[in-house]
Undergrad: 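Here it is, the structure in full.
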2 protein chains.
Amino acid sequence: MVDINPTRPRRDSYTVETLLAVTVKVFNERGYDGTSMEDLSRAAGISKSSIYHHVRGKEELLNLAVGRALDSLFGILDEPAAAAGPAAARLEHVVRRTTEVLIAELPYVTLLLRVRGNTSAEQWALRRRREFDHHVAELLAAAVRSGELRADVDPRLATRLIFGMINSLVEWYRPEGDDKGADAEQIADAVVELSLSGLRVPRD
Amino acid sequence: MVDINPTRPRRDSYTVETLLAVTVKVFNERGYDGTSMEDLSRAAGISKSSIYHHVRGKEELLNLAVGRALDSLFGILDEPAAAAGPAAARLEHVVRRTTEVLIAELPYVTLLLRVRGNTSAEQWALRRRREFDHHVAELLAAAVRSGELRADVDPRLATRLIFGMINSLVEWYRPEGDDKGADAEQIADAVVELSLSGLRVPRD
DNA sequence: GTCTATACCGTGATAGAC
DNA sequence: GTCTATCACGGTATAGAC
């Protein structure tokens, strides 16, 4: 008989997937470098050496986590609404979806955003993040050229500030209850509204 | 004869201040936990044990750095333009000055923003940061109540997003050349403009 | 104020039994 | 698939000479 909820780690028998979920939680609490294999074994409820049965070591756990986050983010760029139509509408879609994906994959994206580039695998993650940002900056620049967005703010700078706004979610957002979807909706609205229309009351 | 530039660390004879400058740089590159005393001694050009002559240990260096960043930030709230006048104008001043201070004290604020709360000193730093944010959220809420800002965005959420935008500077901004002040001005303008008016072209 | 030498402990990782 | 036992290494920190 198959387990009803395969994403929740069960004591007695881990898979890489369930072990990863526990691991990422601890990494985010204590930082990657601040987490020892001892910490992980305690959190998972198994011995250190049992962890090595599932993965090569600590760094492999990090790679699996950030890889998953990157896949989710790049998936957004392939969505129809991000690939065709007026540039400003495509931008709005990417901004909204990035916010939603960040919330849906919160632990994994959190870890991705904290990677500093100490190892070569981390540097690869940083390069892919820059690639994603660059793609969005292109979109924003196109919207400026077509007159849909203001020309008096540097597209690169604006892109960075908007991502700063979105990415900062990992610093404070904590899912509560079962209406995580509604939460995400409300926050995504605020992000889109703030970045496109601003806080000031409209004059008309 | 007194040294011309006491903020630049000289080989042969460190002070706590000059040692701190080197330390913070390395902490930001490799992460606090990822930095060993060996790393610090190599970067400073003195032996490990010489470092212990100046400070009690690694954690004291962290405390000194984040304390300095917090002092700079809280100094903003005492400025006249932040303490009196219409709420929206006070908010705009705090947003602009926070951006400027962050750029002026970049290495120290960067370290502050990366603190995760592993030790009690780090938890204290997190509490003070929240205190600062709370103060600004109050300002924003007051501006909403007086009708100066839109009422359809939650003040707490808006505050967090704006700080997210500002704080994200530490992830990518690198001072270049000698016009650091001009840089700061341009970025602060963009932050204020984006958060208050948004990217969309005005309709009037 | 700096050095060399070293104590001591926690770390990531392995061996081999069950 | 998990365990206990153990290893080699690198970490923070200290002692004491110059």
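In what follows, chains carry the letters A, B, and so on, assigned in the order in which the sequence lines appear, proteins first and then strands, with residues in each chain numbered from 1.
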Undergrad: Whether B/Arg114 engages the ring of B/Tyr32 as a cation-pi pair (distance to the six-membered ring centre under 6.0 angstrom, angle to the ring normal within 45°) should be assessed.
TA: no

Undergrad: Does the side chain of A/His54 get closer than 4.0 angstrom to OP1 or OP2 of D/dT2 through an N or O atom?
TA: yes

Undergrad: Do NZ/NE/NH1/NH2 and the carboxylate oxygens of B/Arg30 and B/Asp39 come within less than 4.0 Å?
TA: yes

Undergrad: Nearest of D/dA15, C/dT14, C/dT11 to any side-chain atom of A/Ser49?
TA: C/dT14

Undergrad: Between B/Ser50 and C/dC3, is there a side-chain N or O to OP1/OP2 distance below 4.0 Å?
TA: yes

Undergrad: Going by an N to O cut-off under 4.0 Å, is there a salt bridge joining A/Arg68 and A/Glu17?
TA: yes

Undergrad: Round to the nearest Å and state the distance from A/Leu62 atom CG to C/dG12 atom P.
TA: 13 Å

Undergrad: Go through D/dT14, C/dG12, D/dC3 for me and flag the one nearest to the A/Tyr52 side chain.
TA: C/dG12

Undergrad: Measuring from A/His53:NE2 to A/Leu19:CG, what's the distance to the nearest 0.5 Å?
TA: 12.0 Å

Undergrad: From NE2 of B/His53 over to P of D/dA17, roughly how many Å is that when rounded to an integer?
TA: 16 Å

Undergrad: Could you work out which one of C/dA13, D/dC3, C/dG1 sits closest to the side chain of A/Ser47?
TA: D/dC3

Undergrad: Rounded to whole Å, please give me the gap between CD1 in B/Ile46 and P in C/dT4.
TA: 12 Å

Undergrad: Mind checking if B/Ser36 touches a base, just sugar-phosphate, or nothing, with heavy atoms under 4.0 Å?
TA: sugar-phosphate

Undergrad: Using atom CD of B/Glu60 as one end and atom P of D/dT12 as the other, report the distance to the nearest whole Å.
TA: 15 Å

Undergrad: Please report the distance, rounded to the nearest Å, between CG in A/Leu40 and C1' in C/dG10.
TA: 15 Å

Undergrad: Give the rounded distance in Å between these two atoms: CE of A/Met37 and C1' of D/dC7.
TA: 16 Å

Undergrad: Answer yes when B/Glu171 and A/Arg160 have at least one side-chain N-carboxylate O distance shorter than 4.0 Å, and no when they do not.
TA: no

Undergrad: Just the rounded figure in Å: distance from C1' of C/dT14 to CD1 of A/Ile51.
TA: 14 Å

Undergrad: Rounded to whole angstrom units, what separation is found between the NZ atom of A/Lys58 and the P atom of C/dT11?
TA: 9 Å

Undergrad: Can you identify which nucleotide, out of C/dA13, C/dT2, D/dA15, has its nearest atom closest to the A/Lys48 side chain?
TA: C/dA13

Undergrad: How is B/Ser41 classified with respect to the nucleic acid when contacts are heavy atoms under 4.0 Å: base, sugar-phosphate, or nothing?
TA: nothing

